[in-house]
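Here's the structure, in C-alpha cells; my notes come after.
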Amino acid sequence: MAVPRNYLPATEQEVREMLDAIGARSVDDLFSDIPEALKLKKRLDLPEALSEPELMAELEKMASMNRTDAVCFAGGGIYDHYIPAVVDHMLSRGEFYTAYTPYQPEVSQGTLTAIFQYQTMICELTGMDQANASMYDAATASAEASIMCAAQTGRKKIVVTRATNPRYRDVIRTYAGPRGFELVEVPFDPKTGQTDITALSEAAKGAACVIAQNPNYLGVIEDMHAMADAAHSDGGFFVAAVNPVSLAVLEAPRNYGADIAVGEGQSMGNGMSFGGPLLGFMATTSQLIRRMPGRLVGQTLDNRGQRAFVLTLQTREQHIRRENATSNICSNQALCALAATIYLSVLGPKGLRKVAEASMQKAHYLAKALSERTPFRLKFAGPFFNEFVIEGKGCSRKLRERLLEHGILGGIPLSGAYPELKGNSLWAVTELRTKEQMDRLVSLMEVEVE
Amino acid sequence: MKKLMPLLFEMSSPGRTGFSLPETDVPVQPVESMVPDSMIRKEAPALPELSEVDVVRHFVNLSLLNHGVDTGFYPLGSCTMKYNPKVNEDAARLAGFARLHPEMPESGSQGALKVLHDLDMWLSELCGMDRFTLQPVAGAHGELTGLFIIRAYHFKRGDCARDKVLAPDSSHGTNPASAAAAGMTVVQVASDSRGNVDIEDLKSKVGPDTAGLMLTNPNTLGLFDEHICEITDIVHKAGGLVYYDGANANAIMGKSRPGDMGFDVVHLNLHKTMSTPHGGGGPGAGPVGVKKHLEPFLPKPLVAFCDGKYVWDSDRPDSIGHIHSYNGNFGVLVRAWAYMRSMGPDGLKAASELAVLNANYIMHALKDDFTLAYDRTCKHEFVLSGAKQKKESGVRTLDMAKRLLDYGIHAPTVYFPLIVDEAIMIEPTETESKQTLDTFIDAMKTIAKEARENPDNLRSAPHNTPVGRLDETLAARKPVLRWTKEDNA
C-alpha cells in the first residue's frame, strides 16, 4: 500500500535533499541509535489506511449505530440542553482550537482573554472570589477540592454526602486512597432524599471538608445553608458541587457559605459526546486561591501600556514547582471552557434563567404526569430542580430497552450505585423536551412492564 | 489604560440577548412553589447582555490575536504541534457521536463502544502492550493513572513499602508532580554526558523502596536512550516497574515499541501523537496501556467484545476504580480513531520517520549558530542552548524566542529541559514542508546575527505582535483574576 500523503508534505526529492544536507544515506540511518534488538522488524498490525471519503463513510456507519435519534430523558450530570449554532461556529476557528496552552502571551491574547472572561463568568454564577481556567470534569474537580482542603487544614478526613453523584464519589475515592485520606459518607433521608443533617454534623468533626452536591444526584434540592454550617462547625471547609444551569434559579454557593464551588460545565454549550470532553469548573475564596490547582489567567499591562492577559500564579503549578505543585494537572479542558463562555455570552442572565426555568417547569410537569397517570410513583418528597427519581415495578433495564425501541432514552437505573434504591430510576428534563414528547412517554409507561 | 479590545462585560447593554426559546408548553408554576425560599437565588449573576452579532465579532476578533497550527509554524518542543486534520473535526461532530448520552444502554451505543474497543487494540499493537484504558483525559492524568496502577500492583503483592518513584533530571514537570499526587516521593536520577540515564546513578538509587521509574524515550533532549534495556532490567531486578511517558512517542511509531523495551505501563498523548488539536490547552487524551500482569488494575470499566457485541466489562475487583466521570474525552478519541484509520500502519511509520528527518535537518542547519547541547543524531526534537549568545551579547534565550514571534513563528519550548543552560527545544513535526523548515532556519540565523549586531532589538521584542512583553510580576503581585468595573475604569 502506498503511504497516505495528505498530511505528509515531504516529497521524495525533498527527502533526498534533506538527507544530503544532514549527511545521512537514508532515513533508517537516523534510527541507528535504536539498539538492533529493539527495532521493530514487522509491519504494525493495524487496519489499512482509508481515503477521506472511505473514512467518512465508515464513521457515518458507526455513528448511525448510536441511538441519538432517541428522545433523551437521561441526566445524572450530563444534560441534553440546546447548544446555539454560534457556539460551534466560534469554536471551529482554527486560531482557537489549533493553539497550544497560552505560554507565549504575545501571540495568545485570544485564548487568554477568553479564559479571563470565563473565570469572571464562573465567579458570577457561583458568587465565589476566583475561578480557575478549568478542570477535567466535576468528578476530578471534586477530588482536587478535597486535596486542597486537606492541605489547608492538615486533616485527612473527607466527608461526602451519599447523595453526591456516585461517579464523583468513585473518583474522589480513587484519588483519596493513595494519599491516605479517610472517606466518610453521610446518608440521605429515605423520605425526602435530602442529606441527614444530624449525621452530617457528627461526621464533620475533625474533617478537612464536607463535599455536597446540589441539586443532589437524586435531583433533590438540599438545605445547603444547614450543611455549610455543619461543615464549618469544627473548622472544616464546605465544598459545593453544583449544576451551573441551576444557578440561574438556585442560590449561589458563596451565599450559603461554600468555600469551594465545583461542578460540571458540560451543560453550558458542550455536547454530551458519550461523556467527554466534559468541563470541570472550580471557584474558591481569596483565602484558598494559592491552594487552587490548575491554570489561572490574570490581568496585567504590556510594555506598550495596553491591558493584556497572562497565565499567573504559576508557582502553584507542576512545570515550576514539580513535586511541590498543588496538583499534577497540565492540559485542561480549555476549549470546553471557551464553549461555555460563548454559550453564556449569547444567553446572558435572562437566557440562562429561561433555560433553567423551562427545564424545571417541564420536569415538574413530567413528574406529576407520571405519578398521576402511571403505576410509577415519585420516590422523594424533597424539592427538585430538573431531575427526579421514580419508583415502580419494572423500573429497570427492561423498561429502558422497551422505551428505546420506541425511540426514547429512559431514566438511569439506580440499583447499581444505590442497592437500597432497587426498582428506582432517575429522570432528567431539559428545555428541549416538549409536552408532546413527555405525554408520549407517559402513555408508554401507563402500561406496566413485567 | 489602553484597551486592545473591549471585553464582553464592557459591551453589555441591558435588555440584549442572542438567544431564543419557544414559549413553555406546560402549565407554569411559580418558582416559589417549587423551591424553598432559602434556596432561591435573590440576585441574578451579572453575565453580559449581548446580541449574537456582538458575540460573533468579539470572538472572531479574539481568535485573530492567537497563533495556532492553522496560522503558522509551531516548533514547540515536547508538544508535537502537528497539523490537525479537518475531517477528524467533522468525525467528532457527527450527531451519532456528539449527541450521545453516556448512559445510553449498550444496545444503543455499539458504534461508540467500537471506537473505544478499536483504540484499545490499536494502541496496544502500536506500543507493544496488552491492554489500554481510554479514560485518562490528559498526559498528566495518564501518569497519575499509571502510578495508581503501579501502587495497586505492589500492594496486591503485599509489597507496601515501595513509595519512591525514580525520574531523570530531564523529566517533564508532570512526572514528579504526578508521583506526589499518587502519594509517592520522587528520587531524581542524573543524566550522563551523552544525555542518557546515568546507569551508575540509577543503580545506586534503586532498592526495596522503588515503586518504579518514569522515563520518556526518546527523552526530553530528543535522544533515544542507548541503554534502555539495561535500565528497565535494573529497575525490574530491584522489584520496581517501569513507566513510559509517551510525550515523545511521535518519534518511534512503527520503528520501536515501549512494550518491547521492557516498559510495564505506557501513556500516550493523543493530542500530540494522534493529531488531535490542543484546543488552547485542552481537551487532550492520555490513554494508558499495560502489560498483562497489570491488566487487573486498570480503571473500570473496559469494553469487551462478546458474541458479536460490544459490552461494558465492569466486574474488575482489583481495578484502581474510576478516574473520570465517564469514558474519558470521547470526542478526542473519535478524532484519534479517524487519524489512525487515515494513516494506517505505513502512514504512522512514515510520520515518525519524517518527524525525525525534519528535526535532524533543522538541527544540522543551526548547530553552528547556537550551541548544540548533545551532538548526536536526534529523534523528533532536539535541544539547542543559547549560552553562546548570552555570553557574547547578553541576549537571553527568552529574547530570541520573543523575536521569533515577529516572524509569525511560534517560539520553541524554552528553559526546558532544566539540565541545559538557556535551553531552546525544537520539534518541527512531520506535517511541515521543507519550505517551512527553511523559513524557520533563516529566521533563527537572522536572530543569531541580530544577537551580535543589534541585541537591543531582541531584548525589546516582540514588535509586530498584538501586545508587547507583559508585566508578569505585576500580574502575580496583584492578582486580578476576574473582570470588575473598578479595575477597568
Side-chain angles (χ1 to χ4, degrees), chain A residues 3-4 9 14 18 33 44 46 49 62-63 65-68 74 90 93-95 97-99 101 106-107 109-111 120 124 130 139 167 170 174 178 271 273-277 298-300 302-304 306 308 312 318-319 322-323 325 328 330-332 334-335 345-346 348-349 351 365 435, chain B residues 2 18-19 25-26 44-45 47 49 55 59 62-63 65-70 94 96 98-100 102-103 108 110-111 138 140 173 176-178 180-181 183 224 277 279-284 321-322 325-326 329-331 344-347 350 361 433-434 465 467-468 470 475 480-483:
Chain A
V3 171
E14 287 163 339
M18 288 196 276
D33 51 348
L44 286 170
L46 295 174
M62 285 164 66
M65 288 155 71
N66 300 326
R67 291 291 311 277
T68 44
M90 295 301 100
R93 300 280 310 181
E95 300 90 335
Y97 81 83
T98 73
T101 303
E106 296 88 349
V107 290
Q109 286 299 302
T111 298
T120 308
E124 283 299 330
Q130 270 123 21
R167 291 174 180 275
D170 280 344
T174 307
S273 191
F274 206 41
Q299 182 175 322
T300 187
D302 74 352
N303 59 8
R304 305 169 199 163
Q306 301 180 104
T312 192
Q318 50 78 27
H319 61 287
R322 298 174 74 87
E323 63 267 33
N328 71 327
C330 180
S331 282
N332 57 19
L335 201 68
S345 306
V346 280
Y365 172 80
K435 182 170 178 294
Chain B
K2 283 191 278 181
F19 181 69
D25 56 359
V26 298
L47 298 171
E49 296 180 64
V55 173
F59 285 100
L62 271 191
S63 76
L65 304 177
N66 261 10
H67 183 93
V69 175
D70 281 0
L94 289 172
R99 302 202 54 197
L100 185 60
E103 296 280 0
Q110 286 293 300
S178 297
F224 195 92
H322 293 83
S325 298
Y326 285 99
N329 280 340
F330 178 76
D346 303 324
Y361 178 69
S433 67
K434 182 168 176 294
T465 49
V467 299
L470 280 73
V480 176
L481 305 176
R482 57 153 297 167
W483 183 87

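Every chain is numbered from 1, with letters handed out A, B, ... down the list of sequences.
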| field | Structural part of A:Phe274 lying under 4.5 Å from a heavy atom of chain B | value | both

| Which residue out of A:Glu323, A:Glu106, A:Met65, A:Gln130 racks up the most heavy-atom pairs below 4.5 Å with chain B? | A:Glu106

| said: Is there a side-chain contact between B:Leu94 and A:Asn66 in this structure, where contact means two heavy atoms from C-beta onward sitting under 4.5 Å apart? | reply: no

| message | Quick check: closest heavy atoms across A:Asn303 and B:Gly468, and the distance to 0.1 Å? | response | OD1-CA, 3.4 Å

| Under a 4.5 Å heavy-atom cut-off, does chain B meet the side chain of A:Thr312, its backbone, both or neither? | side chain

| note | Whatever's closer than 4.5 Å to a heavy atom in chain B on A:Met90 counts as side chain

| request: Could you tell me whether the side chain of B:Asp70 reaches within less than 4.5 Å of the side chain of A:Glu95, counting heavy atoms only? | output: no

| task | For A:Arg167 and B:Ser325, work out which heavy atoms get closest and say how close. | result | NH1-O, 2.9 Å

| remark: Interface check, chain A: of B:Ala350, B:Gly183, B:Pro45, B:Ala44, most non-hydrogen pairs under 4.5 Å belong to B:Pro45

| request: Name the option with the most non-hydrogen atom pairs under 4.5 Å to chain B; the candidates are A:Pro4, A:Gly348, A:Ala63. | output: A:Ala63

| query | Given the options B:Thr465, B:Leu100, B:Val69, which has more heavy-atom pairs under 4.5 Å with chain A than any of the others? | reply | B:Leu100

| remark: In terms of heavy-atom contacts, B:Pro345 and A:Leu44 come closest through CB-O, 3.4 Å

| field | Options A:Ala325, A:Ser331, A:Pro277, ranked by heavy-atom pairs under 4.5 Å with chain B, top entry | value | A:Pro277

| note | Answer key: most heavy-atom pairs under 4.5 Å with chain A among B:Gly280, B:Gly331, B:Gly284 is B:Gly280

| message | Applying salt bridge (charged side-chain N to carboxylate O under 4.0 Å, His left out), can you list everything that pairs with A:Lys435, at least two apart in sequence or on another chain? | response | A:Asp439

| request: For chain B, find which of A:Gly271, A:Gly351, A:Ala74 contributes the most heavy-atom pairs closer than 4.5 angstrom. | output: A:Ala74

| For the side chain of A:Thr174 and the backbone of B:His322, is there at least one donor-acceptor N/O pair under 3.5 Å apart? | yes

| message | Measuring from atom CG of B:Leu470 to atom OG1 of A:Thr300, what distance do you get when rounded to the nearest 0.5 angstrom? | response | 6.0 Å

| Whether B:Lys2 side chain and A:Arg304 backbone form a donor-acceptor pair below 3.5 Å | yes

| Atom of B:Pro277, atom of A:Tyr97 and distance for their closest heavy-atom approach | CB-O, 3.1 Å

| note | In short, B:Leu65 meets A:Gly110 closest at the heavy-atom pair CB-N, 3.7 Å

| task | For chain A, find which of B:Ser433, B:Gly18, B:Pro283, B:Ala98 contributes the most heavy-atom pairs closer than 4.5 angstrom. | result | B:Pro283

| field | A:Thr120 side chain to B:Trp483 backbone, donor-acceptor under 3.5 Å | value | yes

| Looking at B:Leu481 and A:Gly298, what are the two nearest heavy atoms and their distance? | CD2-CA, 3.9 Å

| Tell me, side chain or backbone of A:Gln109 under 4.5 Å from chain B's heavy atoms, or both, or neither? | both

| field | Pairs of heavy atoms under 4.5 Å with chain A: top-ranked of B:Val467, B:Leu47, B:Val26 | value | B:Val467

| request: Go through the atoms of A:Arg93 and report whether side chain, backbone, both or neither lie under 4.5 Å from a heavy atom of chain B. | output: side chain

| note | Assert top hit (heavy-atom pairs under 4.5 Å, partner chain A, pool B:Gly344, B:Ala177, B:Gly68, B:Ala138) equals B:Ala177

| remark: Of A:Leu335, A:Thr98, A:Thr101, A:Asp302, the largest count of non-hydrogen pairs under 4.5 angstrom with chain B goes to A:Thr98

